[in-house]
Structure formats: C-alpha cells, structure tokens
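Below you'll find the structure, written out as structure tokens, and then a few comments.
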Amino acid sequence: MLAPTLPFLKRGQPEPVRNTFGDGRHKIVYQTYGEVGEPILLVHGLSGSGRWWKNNIRALSVGHVVHVIELVGYGANRAFKPARLAEAAEALAQFIALQPQGKAHVVGHSMGGQVSCLLAAKFPERVDCLVLAAAAGLVRSNIVKMAFGLPIAAHYSPLDFLPTLAVDALRAGPLNLFLSTLDILGQDTTEVVATIKAPTLLVWGDKDNLVPVSTGEAMQKLIPGSRLEVLEGAGHVLMWDRAKTFNRLVLDFLEQRPPALPGTGDERIDELGRHSSGESAAPSPLGPRE
C-alpha cells in the first residue's frame, strides 16, 4: 500500500521518511515531496541514489507530487544483488498503477533512463511524459569503463557532488556495479526504444564521456516525436551540473505536454539558457523555476 503523500518540506526541516513498496526483486524505496499535482518519478542511474536529484526536487515539486525512487541494490534499498533492469521496470509499473489515474511522468538518468525506456515501452499505459537524461540503453562500451568510469564522468560536475558520488558508490559496492553494468551492456534496446509512444524529452550534457551525445542523437531518431536538448558544459550528471536549466526544460516540457508525433528537434543550450543561435530561450509562462 502506498504511504500518504508527504508535504514538501522547506529548508531546515527534516527530510520526508523513506517508504517502501513491494518486496524482493520488486522492492522500491522512495521519498515523496509535494502535496498536489501530477506525479513525477525520479529514477537514478548506475551507482546513484535519490540524493543525485537534490538540486531538482524543490523546483519539480512545485505543482507536482515527486517520488524519488531508489532501486534494489542502491541508496537505502540495500541488497546483495541489484534488480535486473526489466524487474525494476515492472516494479515501477506496479508502483505507478496505484497513483492517481494510474500513470505518471517519469524522469530517468543513465541506467535509470534505460529502466524508464523499458517501462515506457512495455507498460505504455503507465507513462504520461518521459524525460531521458543521458540514458543508457544504446551504449556500446566495455564493462570496466562503464562500471568504474563514473569518477571520470563526474569531472565536469561541481566539487560538492563528489562526496555524494563516493558515498553512493561505496553503498552500492563493486559487485552491484558490476552486475548492473552487465545488465546494461547485455541488452540491445534499439527495438524497444523504437516502440516508445509517450512524449519524450532527451537531455544530454555535451561533455558527457560516459554516455556521449551521439547516444542521445541515435535515441532521438528512434523515438517518434522526441526532442533532444544538449546542455553546454554539462557532463554525465547533467541534472546536478546544470540544475536550473535542467529543471526549466523538464517543467516546460511537462506543461506543454507535446503529442508523440513523428518529428525531431535538436537544440543546444548553454548554462545561461541560450540556444545555439545565441538567442535566449523563450521564457516559461510560469516564470522562473528557481
């Protein structure tokens, strides 16, 4: 049973309690922020936890109920073995089924993006809008580079991210990182991604050396009607590196709720929110997000 939604907590107040949903390979640990609005799920990546969304929760929970997810084997969802990606997608589908209207917006980063692709493809009735941030799934790499390349990938992140990365990597442990990496690289999701029908926003950092922009470009070609935004100066953990720009893109996308129709778009945005043409991006009708 889902726990009651907790109100968004202001600075200085304790974090909301961690709740659990499901069990075994389908167990989810989550924290909830926000009181009203459509639900958003934030799904972390390899070696990650809910803490990787620290700079996004406040903005996204204004007008939405945000569930920060921790998958089996990561964060507070401790386990000797991580859930397989397909199992994680099934767990999220079960969780979303109990949300209002039985669907939710889903934002997935890296490995969490690959899980979100599986979710959107196999359980389309559960996903309203989909945001894929440096999503894995089409990555072609070797196990060592993928599993242990995050410290290098965090090169472009602010220094305040490094303690979070170190603690979460230690909590996950090398075995979980290794097994999840085998799962990530062992799946060719080309055909799966091509079946996604949900309106989809792809967001990448142009300095991402773990899941390069070329992966986002390939994914854009596969998902009908998807749009690719590239954040200049951002690395793999782009939602931390360029939090304000990332938050604005996500909120504007959810507000506009574009239809999933054939078509493409590719925009490059610098840290000031300017598109590659040098013109400022159009302001949100709701004004500044942070």
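We number each residue from 1, following the sequence as shown. This one's a predicted model, so the numbers in the text were calculated from it and none came from an experiment.
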message: Taking R242's backbone N and O only, do any of them form a donor-acceptor pair with T245's side chain (distance below 3.5 Å, no angle check)?
response: no
Query - Student check: side-chain heavy atoms of E217 and V213 closer than 4.5 Å - result: yes
Beyond-backbone contact of L85 with I184, side-chain heavy atoms, under 4.5 angstrom: yes
Taking a hydrophobic cluster as the set of Ile, Leu, Val, Met, Phe, Trp and Tyr residues connected by side-chain heavy atoms closer than 4.5 Å, whether directly or through intermediates, do V115 and V29 fall within one such cluster?
no
Got more than 12 heavy atoms from elsewhere within 6.0 Å of CD, E125? yes
Salt bridge (charged side-chain N to carboxylate O under 4.0 Å, His left out) filter on D168, not counting sequence neighbours, yields R51, R171
Exercise for review: Determine whether the aromatic ring centres of F246 and W240 lie less than 6.0 Å apart.
Suggested key: no
| said: Are H64 and L254 packed together at the side-chain level, in the sense that at least one heavy-atom pair is separated by less than 4.5 angstrom? | reply: yes
**OP:** Answer whether the closest heavy-atom distance between the side chains of K207 and E232 falls below 4.5 Å.
**Re:** no
Residues at least two apart in sequence or cross-chain that pass salt bridge (charged side-chain N to carboxylate O under 4.0 Å, His left out) with E38, listed by chain then number, are R257
Check: Is there a donor-acceptor pair under 3.5 Å between the side chain of R126 and the backbone N or O of A104?
Finding: no
Would you mind reporting whether T215 and W204 have side-chain heavy atoms less than 4.5 Å apart? yes
Any side-chain to backbone donor/acceptor pair from N77 onto E70? Under 3.5 Å, distance only. yes
Salt bridge (charged side-chain N to carboxylate O under 4.0 Å, His left out) filter on R84, not counting sequence neighbours, yields D183
pair Y74-H44: side-chain heavy atoms closer than 4.5 Å
yes
**Study point:** H109 side chain near L238 side chain, heavy-atom distance below 4.5 Å
**Key:** yes
The side chain to side chain contact (heavy atoms under 4.5 Å, CB included) partner of S226 among T200, L201, V193 is T200
**Prompt:** Where the side chain of N247 meets the backbone of N55, is there a donor-acceptor pair that is under 3.5 Å apart?
**Reply:** yes
Validation row: L249, V203 side chains within 4.5 angstrom (heavy atoms):
yes
